[in-house]
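Written below as structure tokens is the structure these notes are about.
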Amino acid sequence: MKKIFVLLITVVLTQNLFSQSFRDESYKYWYYRDRLRYFVYPSAEEGGSVLMTSRNSTGNGGPYFQFNGAEWGQTRKINGYYIGLLATEYKLLKDNGQYSDAIATLHELDLALDALMWIDNCEDNTILKQL
């Protein structure tokens, strides 16, 4: 009888620990996902949906484009991570039945892909290519 009681207590305690961990991870993801909006402006305009590498920069040099304290650098690599994040988020939201959030994420994903295509076209039309 004592063994069954210890087993029951162990199962109940570990079940609460695992569910608490999932809630913490989900909260942490959505917190950082909300902070991402300070580093990207999703839009169809030129330069929209391109992530900044840092904000409020001191401008201490480097191969980065700087404008009013914001820096952009290694744009394709960082946008690749951003596109992967949006694709994963879309799949999880759709599977969870949160269709309105999934549609908003899909729209943001479309804008990020358009921005990547815009960057490629912009580099193809450089002045050096015309010479």
Side-chain angles (χ1 to χ4, degrees):
M1 184 71 164
K2 187 176 180 181
K3 290 180 183 179
I4 294 174
F5 181 72
V6 170
L7 179 65
L8 183 64
I9 294 294
T10 305
V11 168
V12 169
L13 289 178
T14 56
Q15 182 181 12
N16 289 337
L17 291 176
F18 289 129
S19 64
Q20 183 70 26
S21 174
F22 176 74
R23 277 188 244 141
D24 289 344
E25 296 291 327
S26 177
Y27 174 76
K28 189 185 298 184
Y29 171 78
W30 287 111
Y31 172 75
Y32 284 117
R33 177 69 169 95
D34 184 55
R35 286 194 64 204
L36 184 64
R37 68 187 166 103
Y38 297 112
F39 289 88
V40 65
Y41 178 70
S43 74
E45 299 172 7
E46 292 181 358
S49 297
V50 177
L51 272 101
M52 287 184 261
T53 53
S54 69
R55 293 178 46 225
N56 303 326
S57 175
T58 58
N60 54 0
Y64 301 115
F65 173 73
Q66 297 180 357
F67 179 74
N68 289 339
E71 287 186 0
W72 288 268
Q74 298 184 356
T75 312
R76 289 185 182 157
K77 179 181 177 182
I78 293 172
N79 273 12
Y81 292 139
Y82 179 54
I83 289 169
L85 169 119
L86 291 174
T88 305
E89 182 178 308
Y90 170 73
K91 172 78 168 127
L92 292 173
L93 289 172
K94 188 177 130 193
D95 288 350
N96 199 25
Q98 298 172 329
Y99 296 110
S100 61
D101 293 334
I103 290 171
T105 302
L106 185 62
H107 178 69
E108 193 172 344
L109 177 62
D110 185 42
L111 291 174
L113 290 171
D114 287 344
L116 194 62
M117 290 173 52
W118 178 79
I119 291 169
D120 285 341
N121 290 337
C122 187
E123 289 183 0
D124 288 343
N125 296 329
T126 60
I127 296 173
L128 295 175
K129 297 254 183 189
Q130 294 174 0
L131 297 177

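- At least one side-chain heavy atom of E108 sits less than 4.5 Å from a side-chain heavy atom of Y82.
- In this structure T88 satisfies the side chain to side chain contact (heavy atoms under 4.5 Å, CB included) test together with L92, sequence neighbours excluded.
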- Query: Would L93 and T105 count as a side-chain contact (heavy atoms from CB on, under 4.5 Å) if you check the C-alpha gap in whole Å, the side-chain angles of each, and the deciding distance to 0.1 Å?
  - Reply: CA-CA 9 Å; L93 289 172; T105 302; 3.5 Å; yes

- Message: Let's go through N96 and D101 carefully: what are the C-alpha distance in whole Å and the side-chain angles of both, what is the deciding distance for side-chain contact (heavy atoms from CB on, under 4.5 Å) to 0.1 Å, and is it a yes or a no?
- Response: CA-CA 10 Å; N96 199 25; D101 293 334; over 6 Å; no

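- Rounding to the nearest 0.5 angstrom, the gap separating the CG atom in L51 from the OH atom in Y41 is 14.5 Å.
- Proximity of I119 to V50: side-chain heavy atoms (C-beta onward) are separated by under 4.5 Å at one or more points.
- The salt bridge (charged side-chain N to carboxylate O under 4.0 Å, His left out) contacts involving residues 86-98 comprise R33-E89, K91-D95, where partners must be two or more places apart or lie in separate chains.
- Under the rule for a side chain to side chain contact (heavy atoms under 4.5 Å, CB included), the partners of Y32 that lie at least two apart in sequence or sit in another chain are K28, R35.
- Pairing each heavy atom of S43 with each of S49, the nearest pair is N-OG, 3.3 Å.
- A search for side chain to side chain contact (heavy atoms under 4.5 Å, CB included) contacts involving K77 returns Q74, Y81, not counting sequence neighbours.
- The CD1 atom of I78 lies 12.0 Å from the CD1 atom of I83; values are rounded to the nearest 0.5 Å.
- Evaluation of the side chain to side chain contact (heavy atoms under 4.5 Å, CB included) rule for L106 yields Y90, L109 as partners, not counting sequence neighbours.
- Scanning all heavy atoms of the two residues, the minimum distance from A112 to L86 falls at CB-CD1, 4.2 Å.
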- Carefully, step by step, assess L36 and L85 under the rule side-chain contact (heavy atoms from CB on, under 4.5 Å). CA-CA 11 Å; L36 184 64; L85 169 119; 4.1 Å; yes

